[in-house]
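Okay, so here's the structure we're looking at.
What you are looking at is a predicted structure, and each value in this text was computed from that prediction instead of being measured. First listed ligand is number 1; within each ligand, the first listed atom is number 1.
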Amino acid sequence: MRFLSAFLFGNALTNAADRFLPPWKFVGTVWPQPQSMVVKEDYQILDANIQFILTPDSPQCDIIPDVFQRYQALIRSHFKSASSSKKLKFSSSPAGVIDTIEVKIVNCENLPSQNMNESYTLQVGSPSSEKVELTAMAEWGVIHGLETLTQMIHDIDYRPSINSTMITDWPRFPFRGFLIDTSRHYLPVSVIKAQITAMSWNKYNVLHWHIVDLESFPYQSQVLPELSFLGAYTPLHVYTINEIKDIIEFARLRGVRVVPEFDTPGHTDSWGPGAGPKFLTPCYTNGKPDGTRGPINPIYQENYNLMRKLFTEVNQVFSDSYLHLGGDEVPFGCWKSNPDITDYMTKHNLTTYAQIEQVWVQGMVDIAHDLKKNYVVWEEVFVNGVKISNETVVEVWKGKTGTWKDTMSAVTKSGHKAILASPWYLNYISYGVDWEGYYNIEPTDFNGTNAQYELVMGGSAAMWGEYVDGTNILPRIWPRASAVAERLWSDKSVNSSAAARWRLNEWRCKMLARGLPAEPELHNPNIDPNYGYCPTPFDPFNNAHFLF
Ligand SMILES: *[C@@H]1O[C@H](CO)[C@@H](O)[C@H](O)[C@H]1NC(C)=O
Ligand SMILES: *[C@@H]1O[C@H](CO)[C@@H](O)[C@H](O)[C@H]1NC(C)=O
Ligand SMILES: *[C@@H]1O[C@H](CO)[C@@H](O)[C@H](O)[C@H]1NC(C)=O
Ligand SMILES: *[C@@H]1O[C@H](CO)[C@@H](O)[C@H](O)[C@H]1NC(C)=O
Ligand SMILES: *[C@@H]1O[C@H](CO)[C@@H](O)[C@H](O)[C@H]1NC(C)=O
Ligand SMILES: *[C@@H]1O[C@H](CO)[C@@H](O)[C@H](O)[C@H]1NC(C)=O
């Protein structure tokens, strides 16, 4: 009925379509919005055999052949849907045929890092209408530039085309993270890779891998094999070092860092069986051990030795210079009940449990220092008053309704770098449109000086694993995580969710076309009766995909 009335009252629909771009008509918008993008009225069509070439003065960065191959395949896929048998309207004629993408790179960085240079410029239609010119400071800008270019392709007269465009682009924040949790539920390697691919499309650059937690210990250590042998759900629910290295390499090829988190001293029950009887603190009730175990016992040197052994291996496996040391939700009750801890505190003149927490955290920080790793901790380490060096990065995760602002203010006031996660826990789901809430967050919207705002390294979205596994994690993350991606990449002034809505819908449809099962986030028949579907129906069991 709705469609019929739209047909009968065609004028009303035309007016609506003037105000809001219909979702099925791709116009080549880009997500996340580039810093500077000037689109012109004229356009070029693409040659199906488009070639990628490196300028002779560019260094040969080792990831480039793989990057070129991936984007060539993606661009070619646009020719499958364009039917040559359709009668062309030739409403306007193209200014040329693009047959070459010429890429210039200034420097190879080889490993993505906190200081990676992701900037690029992209010129379509000038100075030559036959070639696209992409210039990047490093290989990461090539990935981002080709991603942007591919998103700009849309059909004009049934032919894949790109408007003449000039783009200068760089990320607003250097740290654009996404947390996955492989302890609550195991995630297959293929799903982690698909997630990394989708992150790269959205210009995320850090996979925060919360690899172990209290429920299970899937990291298969070679130096401490008992940890996963006794701590994983089954011997199948593990990540071998080879699998992890394969994931890290897969991510590097897509400009994504992998920062692992080994959360201590809380959230460690799954370590207990493999780490030995002294590892977890025995809890006492009425002066007697009650059989339960609390956080890691910070009074035994053996426990620091175990962590040093583990982190020495982790340092070799995970090439990134950052390590996440966790430190969230340490319950003090068990430590309080344990007489050995009380003795230790008396002997060492410690009066608060934050001080005993500090003893442990200091031990972890010392190991990280010795391994020359930078480290991130959850906000409690800071809030509990644990003394941490000023290089410690603090990740703020509490107070999603707004008190995160006070914590961000306090963290940066004390001179620490901060990562904001609180408002972007995508595992909290609700009925209806929720991406706008994520989109409307401004990470520097707290009371502070410019020097404090400079300490905001970026943000991180999270999908905690209690209710997701390989079956549902991707559709639950995407396209909701795209909203956060734009907030972290684009300029602060790109802040209107009303303006973003139509671009996000186009972007979701493009992700579907590439095989990512991104859920429908948008449906508002009151705005436009045709709203909320994509040009090609998505079939999860039969879809050309580009996820791996
Ligand atoms: C892109 O080119 C087409 C065809 O000339 C034109 O109709 C459209 O307005 C252009 N897009 C923009 C954003 O200028
Ligand atoms: C990347 O390189 C450009 C050009 O040299 C520079 O302006 C920019 O600050 C660099 N960005 C980073 C993050 O180093
Ligand atoms: C114990 O700590 C208190 C308070 O910090 C301090 O005044 C006292 O001198 C300390 N005693 C020893 C033996 O370190
Ligand atoms: C940390 O403190 C040292 C010594 O005061 C100083 O040199 C350094 O710049 C500080 N680092 C940060 C990130 O503030
Ligand atoms: C912001 O901080 C300043 C200085 O610390 C303080 O005077 C002011 O009341 C604060 N404003 C808000 C809104 O908290
Ligand atoms: C959004 O950005 C505009 C500039 O484009 C600015 O004037 C406005 O204050 C911003 N709104 C919010 C809520 O930050």
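- In this structure, Arg487 satisfies the cation-pi test against Tyr439, with its NZ or CZ atom closer than 6.0 Å to the six-membered ring centre and inside 45 degrees of the ring normal.
- The closest non-hydrogen atom to atom 13 (C) of ligand 2, taken over Met137, Met116, Glu118, Glu109, comes from Met116.
- Atoms of ligand 1 found under 4.0 Å from any heavy atom of Lys40 (numbered from 1 in listed order, with element): 1 (C), 10 (C), 12 (C), 14 (O).
- Protein heavy atom nearest atom 12 (C) of ligand 1, with residue, atom name and distance: Asn163 ND2, 3.5 Å.
- Rounded to the nearest 0.5 angstrom, Ile50 CD1 and Leu149 CG are separated by 7.0 Å.
- A side-chain donor-acceptor contact under 3.5 Å links Asn205 to the backbone of Pro174.
- Proximity of Lys373 to Asn315: side-chain heavy atoms (C-beta onward) are separated by under 4.5 Å at one or more points.
- At under 3.5 Å, not a single nitrogen or oxygen of Lys492, backbone or side chain, sits near a nitrogen or oxygen of ligand 6.
- Of the protein's non-hydrogen atoms, Asn495 ND2, 2.8 Å is the one closest to atom 11 (N) of ligand 6.
- The protein atom (non-hydrogen) at minimum distance from atom 10 (C) of ligand 2 is Asn117 ND2, 2.5 Å.
- Relative orientation of the Tyr120 and His144 rings is tilted, given thresholds of 30° and 60° on the angle between their planes.
- In this structure, atom 2 (O) of ligand 2 is in close contact with the protein, since a protein heavy atom lies within 4.0 Å of it.
- The aromatic rings of His324 and His208 lie parallel to each other, with less than 30° between the two planes, well short of the 60° mark.
- Close approach of ligand 1 to Tyr43 is summarised as follows: ligand atoms under 4.0 Å from at least one heavy atom of the residue are 4 (C), 5 (O).
- Regarding atom 4 (C) of ligand 6, its nearest protein heavy-atom neighbour is Ser493 CB, 3.8 Å.
- Nearest protein heavy-atom neighbour of atom 5 (O) of ligand 1: Glu41 O, 2.5 Å.
- Using a cutoff of 4.0 Å between basic side-chain nitrogens and carboxylate oxygens, Lys131 and Asp99 are not scored as salt-bridged.
- A pairwise comparison of heavy atoms in Tyr322 and Val259 identifies O-CG1, 3.8 Å as the closest pair.
- Distance check on atom 7 (O) of ligand 6: every protein heavy atom falls at or beyond the 4.0 Å cut-off.
- For a threshold of 3.5 Å applied to N or O pairs, the pair formed by His154 and ligand 1 contains no separation below that value.
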